[in-house]
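By convention in this document, chain letters (A, B, ...) are assigned in the order of the sequence lines, proteins followed by strands, and residues within each chain are numbered from 1.
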Amino acid sequence: MTVVRVSPSVAMLALEPHLPRPPHALSDLTAAAARGDRAAFESLHVRFEPGLRRMFLSRTAGRQDQADDLAQRTWMECWRSVSAGRYDPARAAFSTFVYAVGTNVWREHLRSRARAAAGTSTIQPEEAQGSTGPGGVAELAELLDDLRRGLAGAGRGLSDEDRAVLRAIGAGESDRGMAQRFGVAPSTMNTKKRAALERLRQWLASRGHRMGERQSPGDE
Amino acid sequence: MDDRELEQLLRMAREAEELADSAIPPASITFVRPLWWRPRVWAGLSTLAAAAAVTVVWTLTPRTVAPPPVPTRDPIAAAPRSPATATPDEPESQPIRLVKGTNPGGPEQSVVFAIFRDPAGGCSCVQLENADWGSRRLADVGRDELLAAALDNPCTTLARQVLVVGVSGKPGTVPTTHDDAERLATRLSSVPLNEHQDVSLAAYAAMPDLPIGSTVVAEAVSFFRR
């Protein structure tokens with residue numbers, strides 16, 4: 001029997017010694033998981049599993065068996081990375097890390113499908129290019145997390161209009177749709193879009209993401 | 001990195017954002033039903049019956065221990081398994097009477113146990129917390145307040161059911177140790193938390209050494225995740 005004192009007024013008896021008391025807040029859970037706390041990791045798994053599975057369901061055009069398999073592989077890889085100390089909560093949010101791992105698993109899946117010469121309509125060739133190793137996953141997670149922070153308004157270098165344009169690009173809006181929404185001519189919208197992307201490139205570079213020296217997203 | 005690759009990164013960032021937003025909130029706990037509440041009128045308890053009639057959610061049933069029973073049987077076995085086998089209407093089988101804040105005077109010490117059960121029915125962990133109800137007694141504490149005290153900082157977020165047991169009495173007479181908590185969890189481990197189970201009686205029966213004047217309340221809640 002493992003006895004853990006939680007606070008002077010709270011005592012907890014863990015009847016299963018391998019499952020110590022998991023923390024409550026997401027940040028605490030993430031920090032505990034990064035230290036190899038399996039119970040905390042399982043709590044994170046519970047929280048993010050539905051979203052991850054939904055993402056794979058979307059990518060596999062509703063194939064539940066594939067989505068389940070991909071999600072499970074993602075979590076296994078996440079646990080391997082976390083338990084090996086390859087995830088740093090200070091560098092990326094756990095959800096972003098899971099997303100990066102899931103993206104890597106998805107690309108490996110597409111490559112294996114391509115190798116089996118059984119391409120499906122859901123496979124996009126550019127997506128299937130390459131997969132990244134453990135360090136690359138962490139790097140991608142950090143890049144995406146920085147990007148998320150930038151789009152949320154952190155730091156300088158991106159104006160409100162830039163962020164709005166970039167969010168519209170991320171949402172997959174067409175140039176024509178964006179032009180209508182911003183109330184400008186398509187040519188003007190195209191100019192704004194290019195300018196916003198250029199400022200994003202500079203902003204990421206200022207954050208230490210050297211685009212020319214790293215793999216492109218499609219090659220990760 | 002060209003514009004196309006940046007656009008792809010932006011799409012990935014958006015997907016990552018969606019994954020972050022999809023996270024299930026912690027301890028998304030919903031009371032499925034009060035497990036042991038049965039609308040019956042207990043003889044001589046018209047005051048509580050009236051209170052229960054206007055407060056549907058109030059399912060807390062404080063019990064004051066009458067002369068301590070001699071545990072001639074296994075405490076859990078002595079607990080009623082269904083309304084058909086033993087109910088609070090049978091005073092000869094359960095020497096308990098329902099009261100509402102009528103404990104004799106003097107300071108009161110309260111503890112709240114939370115026994116977390118996993119989906120398989122096993123006990124994941126047991127939490128023991130000293131409770132301070134201010135000037136009130138345990139018998140005056142509402143169901144929601146009791147559960148909030150027990151579930152404020154759960155030792156697991158994966159539990160399917162939680163059995164919350166509040167005990168109060170004269171300082172030094174209530175169970176407050178880890179061994180007490182473990183013993184209670186063990187004795188209640190075989191109690192099914194179903195609609196017909198009166199967990200208060202089972203909780204009371206699991207603590208046969210409580211002195212006169214002690215109060216026992218118990219509540220079982222089920223969790224499901226949205």
Can you give me the closest heavy-atom contact between Ser81(A) and Phe97(A), atom names plus distance?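 For Ser81(A) and Phe97(A), the tightest heavy-atom pair comes out as CB-CZ, 3.5 Å.
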Could you tell me which non-hydrogen atom of Pro175(B) sits nearest to which non-hydrogen atom of Val111(B), and how far apart they are? O-CG2, 3.3 Å
Got a donor-acceptor contact below 3.5 angstrom from the Thr186(B) side chain to the Glu182(B) backbone?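 Side chain of Thr186(B) to backbone of Glu182(B), a donor-acceptor pair under 3.5 Å: yes, one is there.
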Is [X] in contact with chain B via its backbone, its side chain, both, or neither, using a 4.5 Å heavy-atom distance?
X         : result
Thr103(A) : side chain
Leu44(A)  : neither
Ala152(A) : neither

With a 4.5 angstrom heavy-atom cut-off, could you sort out which part of Arg14(B) is near chain A: side chain, backbone, both or neither?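 Interface part for Arg14(B): side chain.
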Go through the atoms of Asp2(B) and report whether side chain, backbone, both or neither lie under 4.5 Å from a heavy atom of chain A. backbone
Please check if the number of heavy atoms outside Glu49(A) that lie under 6.0 Å from its CD is greater than 12.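 Enclosed.
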Parallel, tilted or perpendicular: which fits the ring planes of Phe94(A) and Tyr87(A), with parallel below 30° and perpendicular above 60°? perpendicular
In terms of heavy-atom pairs under 4.5 Å with chain B, the winner among Leu166(A), Thr96(A), Leu144(A), Leu197(A) is Leu197(A)
Taking Ala131(B), Ala20(B), Ala16(B), Ala114(B) one by one, which has the highest count of heavy-atom pairs under 4.5 Å against chain A? Ala16(B)
Just to verify, what does Asp145(A) make a salt bridge (charged side-chain N to carboxylate O under 4.0 Å, His left out) with, not counting sequence neighbours? Arg148(A), Arg149(A)
